[in-house]
Protein chains: 2
Amino acid sequence: MFKDRRIVTYENPDIDEAVNRLNEAFNEKRAVIIVGNCWVDYHGRASSRLEPGERIVIVKEDGAVLVHRSRGYEPVNWQPSGCILQAFKEEDKLVIKAVKRIPHEVVTMFFNKIHFLSTFRLMDEGEFSLYASEEDMQKAILMEPSLIEDGFKPIDYEKRVKPGFIDVYGVDKSGRIVVVEIKRRTAGREAVLQLAKYIETLRRELGREVRGILAAPDISKDARQLLLSLGLDFKRVDPKKCSEVLRRKEERKIVDFF
Amino acid sequence: MFKDRRIVTYENPDIDEAVNRLNEAFNEKRAVIIVGNCWVDYHGRASSRLEPGERIVIVKEDGAVLVHRSRGYEPVNWQPSGCILQAFKEEDKLVIKAVKRIPHEVVTMFFNKIHFLSTFRLMDEGEFSLYASEEDMQKAILMEPSLIEDGFKPIDYEKRVKPGFIDVYGVDKSGRIVVVEIKRRTAGREAVLQLAKYIETLRRELGREVRGILAAPDISKDARQLLLSLGLDFKRVDPKKCSEVLRRKEERKIVDFF
DNA sequence: TGCTAAATCTCGAAC
DNA sequence: GTTCGAGGTTTAGCA
């Protein structure tokens, strides 16, 4: 049990030791960090070759593999979780093969120098929460329709129409049908076209006028132009304010409960 | 110089030592790996909170930050390259702040236990090559137009039309204008609609018939149906074969040169 | 299983 | 600087 948790670190291990420690770790579903000089081949949906250099390699307990260079957010090579790992020695080099089926993809890493190798099991039950998603904005608008405009009354949400799903569907204070398209970030032309498609479909279906409102924290200049030319409206809605609305309503729910 | 390259590892460092080593590393643009118990706040385009647990944190020399949990390909929290880093002690905890402007985003990591901390500089000049990209396919088709069909003659590529850029533009053996849309993977409805937009624009512009060919390794069932209903063609083109064509042509170039 | 839409997408190129 | 498109995108939600 203690061994599971303990972090075992090897500085400058020789190839044989590295092979043993790695296969041990792969069998015991322990995570691994390797820093060393390596080159990497990938074959699958595409193919790639990474010429020799020092990199950080992480193998996680679920089989995910990441090869990181000295810069940038993205790994240069990787393998998602669920791949089968194997380490062996070949011509005085450490070889690690990570194989995945569906799609069939293989990442092969060759090390001629291992500066550092560490194996361990992470104890991690902490919850992760992300706030102010597009879904949060939708919920907030449904709970607090004045975020769109005074007198707006939602009737439905995620309403199925031919081209997709309408985020929020309702009537304005004059009784006109309103379609609301929500974007969590600056809305581009794409968002306007999406809204326009819904409007056109509904106009044909219902045989009456339909208003379109694009709800987003901001809108790009060309999108605004397109929006105007199509006779649609824009309503600035702040995702963070939506989070606050949700939080407030949640609190009220709890207050009402007691 | 040697110190730069050497990997320096501290097992179970106390908070003060960790703070010193980290700020040293941030100043000297050395990369850092930390394994320890931490919680993380993020505020920026969205907001998030990660409750305590053991994680792997990487800080790269360009300021990129990655917080990895025990499973999966993606970091749970991160910061792209170019952010400003700072480590300090607060109430017996190690705090690392990673701040980026444009957009303004802050990731704050709190550690109450550091299992190990390692700092180093990666020597990495190795080239990375990805084969069989969409660009490779385009090049291959331009070099070997029969990949599309016999008698096809390319005239232009990346041709600007109102909705975007036409991958390859040419004439078929009957002299009809042909627009080729290339996809490196199974083409979906989206690809067909893209091609259709180009075709329609060109038809209006030129006032004559225009053929459309979707070139991809495969096409989804619904995309094929849409394609047929629009009177467009599909041509199966294998990305790997394109790579081979390119390689062959490159070889020929070298042969011709000598 | 396959498709669609979103992502704190990232990254690079073009305007 | 902004915008646009591609990515071995990945990931999550559904039909």
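Computed from a predicted structure; not experimentally measured. In the text below, chain A, chain B and the rest are named by the order of the sequence lines, each starting its count at 1.
- Remark: the backbone N or O of Gly72(A) is paired with a side-chain donor or acceptor of Asp62(B) at under 3.5 angstrom.
- Interatomic distance, Met109(A) CE to Lys97(A) NZ, rounded to the nearest 0.5 Å: 10.0 Å.
- Glu135(B) comes within contact range of no nucleotide atom at all, as no heavy-atom separation falls under 4.0 Å.
- Atom NZ of Lys241(A) has 12 or fewer neighbouring heavy atoms from other residues, nucleotides or ligands inside a 6.0 Å radius.
- Side-chain contact between Gln79(B) and Leu85(B) is absent, with no heavy-atom pair separated by less than 4.5 Å.
- Here dG8(D) presents its C1' atom at 4 Å from OH of Tyr42(A), a figure rounded to the nearest Å.
- Rounded to an integer number of Å, the gap from CG of Leu130(A) to C1' of dA6(C) is 12 Å.
- At least one donor-acceptor pair closer than 3.5 Å links the side chain of Asp167(A) to the backbone N or O of Ile182(A).
- Note on Arg45(B): every side-chain N or O is 4.0 Å or more away from OP1 and OP2 of dA6(C).
- Going from the C1' atom of dA7(C) to that of dA6(D) covers 15 Å, rounded to whole Å.
- Across every non-hydrogen atom of Leu147(B) and Ala140(B), the tightest pair is CD1-O, 3.7 Å.
- In this structure, CE of Met137(B) is placed 10 Å from P of dG7(D), rounded to the nearest angstrom.
- One finds the OG atom of Ser70(B) at 4.0 Å from the CD atom of Glu61(A) (value rounded to the nearest 0.5 Å).
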Distances for protein N/O vs nucleotides 13-15 of chain C N/O pairs under 3.5 angstrom?
none

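- With sequence neighbours excluded, the residues that form a side-chain contact (heavy atoms from CB on, under 4.5 Å) with Phe234(B) are Leu214(B), Ala216(B), Ile219(B), Arg224(B), Leu227(B), Arg236(B).
- Of the residues in residues 222-230 of chain B, those placing a heavy atom less than 4.0 Å from an atom of DNA chain C are Asp222(B), in numerical order.
- Side-chain atoms of Ile199(B) and Val210(B), non-hydrogen and from C-beta on, do get closer than 4.5 Å to each other.
- Looking at residues 179-203 of chain B, you'll see Arg189(B) sit with a heavy atom under 4.0 Å from some atom of DNA chain C.
- Of the residues in residues 62-81 of chain A, those lying under 4.0 Å from DNA chain C by heavy-atom distance are Gly72(A), Tyr73(A), Glu74(A).
- In this structure, Ile166(B) atom CD1 and dC4(D) atom C1' are separated by 17 Å, rounded to whole Å.
- Considering all non-hydrogen atoms of both residues, Lys197(B) and Thr201(B) come closest at O-OG1, 2.8 Å.
- Within the 4.0 angstrom heavy-atom criterion, only backbone atoms of the sugar-phosphate kind lie near Ser220(B); the bases stay farther away.
- Comparing the same atom, P, in dG8(D) and in dC4(D) gives a spacing of 22 Å after rounding to whole Å.
- The shortest non-hydrogen separation linking His68(A) to Tyr73(A) is CE1-O, 3.4 Å.
- With hydrogens and angles disregarded, no donor-acceptor distance shorter than 3.5 Å links the side chain of Glu51(B) to the backbone of Glu127(A).
- As a whole-Å value, the separation of Tyr131(A) OH from dT8(C) P is 14 Å.
- For the side-chain contact (heavy atoms from CB on, under 4.5 Å) test, residues two or more places apart in sequence or in another chain that qualify with Phe165(A) are Glu158(A), Arg160(A).
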Tell me, with the steps shown, if Thr119(B) and Arg30(B) meet side chain to side chain donor-acceptor pair (under 3.5 Å). CA-CA 6 Å; Thr119(B) 79; Arg30(B) 289 159 63 84; 2.9 Å; yes
